[in-house]
Every structure is written in structure tokens, then in C-alpha cells.
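Here is the structure we will look at.
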Amino acid sequence: MSKVDAPRHDPVPIGEVAAPPFCRLPDPLSLFADRTHRLRVLAHGHALAPYLRFLSDLTEAQYRIQDALPEPEMPDADARQRAREFGMPPLDRNRFTADAAYDATLERLLAIAATIAMPPVAAAALARVTVADGATRETMMRALLADSVPVERLAEHVFVAAALQVHFARLAARLDADALVPVGDGVCPACGGPPVASMVVGWKGAHGTRFCGCALCGTQWNVVRIKCTLCGSTKGISYQEVDGSGGIVKAETCEACRGYVKILQQHQQSDVDPLADDVASLALDLLVREAGYRRGAFNPFLIGY
Ligand SMILES: [Zn+2]
Ligand SMILES: [Zn+2]
């Protein structure tokens with residue numbers, strides 16, 4: 001593992017003064033289509049290839065089930081306005097209740113998942129979710145929205161997480177990006193969730209700036225570079241990577257909170273995806289954890305079989 005201190009200068013290409021938007025709301029179709037493509041690229045020759053291919057089939061299902069889904073129930077305009085005034089995210093995860101759109105999303109996802117080739121542990125988990133009653137599914141949904149999934153039950157939560165991601169991406173896509181406000185360090189301004197990773201982007205007009213990606217709704221929000229995305233500290237930030245990994249994925253470690261979140265170099269590799277590249281760089285987690293840092297990101301797909 002190599003460790004470098006944060007660079008003092010933050011290079012921006014000459015002639016480009018980046019004035020990034022505060023956030024980018026997801027496009028629910030391209031979000032999952034692009035993620036599927038990225039997972040398939042990452043699977044080539046990868047030690048986790050069978051799992052990455054299974055995830056790519058699952059994300060393809062997330063893309064395919066969206067055709068003619070019912071409209072999701074949005075929080076009403078008053079509630080969204082109040083959230084904005086109080087610096088809260090408009091999509092309230094704690095008070096979320098399943099609507100017809102979410103129920104249809106989960107049913108369709110489970111039906112397509114049954115046709116996917118998957119590791120035996122995942123297949124057994126899918127069978128359990130498929131026969132689970134409403135109360136059990138509700139408990140799983142609550143655990144995911146609270147980012148506190150029991151370790152021994154991660155496998156079945158993968159499928160509920162996939163349905164929640166589709167539903168929350170559809171909700172977030174219906175928000176007004178200009179009405180969103182910062183709600184705190186390491187918190188998605190749309191749904192209140194933690195980041196899965198951050199990216200230094202090469203987007204036109206935002207080149208060289210950094211965005212955090214939400215694990216749940218796929219919203220990306222601007223965060224200055226060389227600052228801990230968990231606690232906001234700007235001191236004691238370092239970057240660590242697996243030797244020979246090419247530097248596309250690094251861990252941004254913080255001495256203040258002893259946490260880390262990965263940072264992707266999207267401006268160097270345009271098709272990186274926060275969730276996909278996080279799973280594929282599990283080796284980096286093992287190295288950084290060995291050095292005593294706590295993983296601050298949430299990714300319901302980051303499990304091994
Ligand atoms: Zn979010
Ligand atoms: Zn920190």
C-alpha cells in the first residue's frame with residue numbers, strides 16, 4: 001500500500017474555471033444501465049468476477065423493471081418547503097412508507113432476479129425474500145434505510161436494497177435540483193443517506209471538482225476536495241491505494257475521525273461508477289482497515305460470497 005499526503009495544489013486545467021452545480025439528480029435509467037456496463041468491464045479477470053457478474057445482472061434488472069412502473073408518491077410541496085427551511089433532505093428515509101410504486105418495484109425485481117444465475121448463497125437468500133411476509137420485508141426495508149443491516153443477513157438484503165435504489169432514484173429524479181440545500185457533512189441532500197464514494201469529475205464546467213455519490217438514490221453532491229466527507233475535517237487527510245492498481249480508486253483517510261471513504265478519478269476513467277468501483281476495490285478496504293481506519297461509506301452490495 002502506498003500512502004501520500006494531500007497535494008497542496010489543486011490543479012484545474014488552464015482556461016477552465018470550474019463552477020460546479022451543487023448537485024446532480026440521477027437519471028434512473030442511465031444510472032443502472034451505466035452501472036451494469038461498468039460492472040461487466042470490472043468483472044474481466046477480476047478475483048470477484050462471479051459476484052461482479054451477478055451484480056451486473058441485478059443492476060440490469062434494476063434498469064429493465066422501470067418500464068411503466070406506477071408513479072412514486074412524492075412528499076407534498078409543503079413538506080419539501082419545510083425540509084428546505086430546516087436544512088433537511090426532502091426525501092425522509094425514517095418516515096418512508098411503501099407505496100404502490102415501491103411494492104411493484106420489489107415484486108418485479110424479485111421476479112427477474114429469479115431468472116439470474118447467481119452464487120448459491122444469493123439464490124438461497126432470494127428464495128427467503130420471495131416467500132417472506134410483509135412484516136419481514138418491512139423490517140428489511142427499515143434496516144436498509146437506517147444503514148444498519150445485520151451482518152449475517154446481508155445476502156437477502158441485497159434484493160430489497162436493489163428495489164429501494166430504483167424507487168429512491170425515481171423519487172430523487174422528480175425533485176428540483178435547484179431547491180436542494182446542504183444538509184450536513186457526508187449526508188445526501190436528497191435522501192439523507194451516506195455516500196458510497198466520491199469522485200473527482202471531468203464533467204464539462206465542473207472539471208476537477210469533487211462529488212459524493214449517494215448509495216441509495218444516486219444523487220451526486222458537490223464537496224470540496226481534500227476534506228473528510230464524513231466529519232468535514234480538512235487536516236490530516238491522506239490518500240492510499242493498492243500498489244499497481246493504477247490510482248483510479250483511492251481511499252481518502254482522515255486522522256480526525258479515523259474514517260475513510262473511497263475517491264474515484266472519474267476525470268481519468270470516465271465510466272467509473274461509485275457503487276460498482278467500490279465493490280470491485282474490496283482489496284483496498286482490507287488494506288486500509290488493517291491500518292486502523294473505519295469504513296465510513298455504506299454499500300449494501302459490498303459483500304463476498
Ligand atoms: Zn440520496
Ligand atoms: Zn473525518
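Whatever order the structure lists ligands and atoms in, that order sets their numbers, starting from 1.
- Within a 6.0 Å sphere centred on CG of Asp176, other residues, nucleotides and ligands contribute more than 12 heavy atoms.
- Around the CE atom of Met74, the shell of radius 6.0 Å holds more than 12 heavy atoms that belong to other residues, nucleotides or ligands.
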| task | Kindly determine whether Gln265 and His267 satisfy side-chain hydrogen bond (donor to acceptor under 3.5 Å, both in side chains), including the steps that lead there. | result | CA-CA 5 Å; Gln265 308 300 314; His267 59 120; 3.0 Å; yes

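- Between the SG atom of Cys257 and the SG atom of Cys254, the angle centred on the Zn ion (ligand 2) amounts to 110° when rounded to 10°.
- Annotation: angle subtended at the Zn ion (ligand 2) by Cys228 SG and Cys231 SG is 110°, to 10°.
- With respect to Gln62, the side chain to side chain donor-acceptor pair (under 3.5 Å) criterion is satisfied by exactly one of Gln165, Arg35, Arg108: Gln165.
- To the nearest 10 degrees, the Zn ion (ligand 1) sees SG of Cys217 and SG of Cys214 at an angle of 110°.
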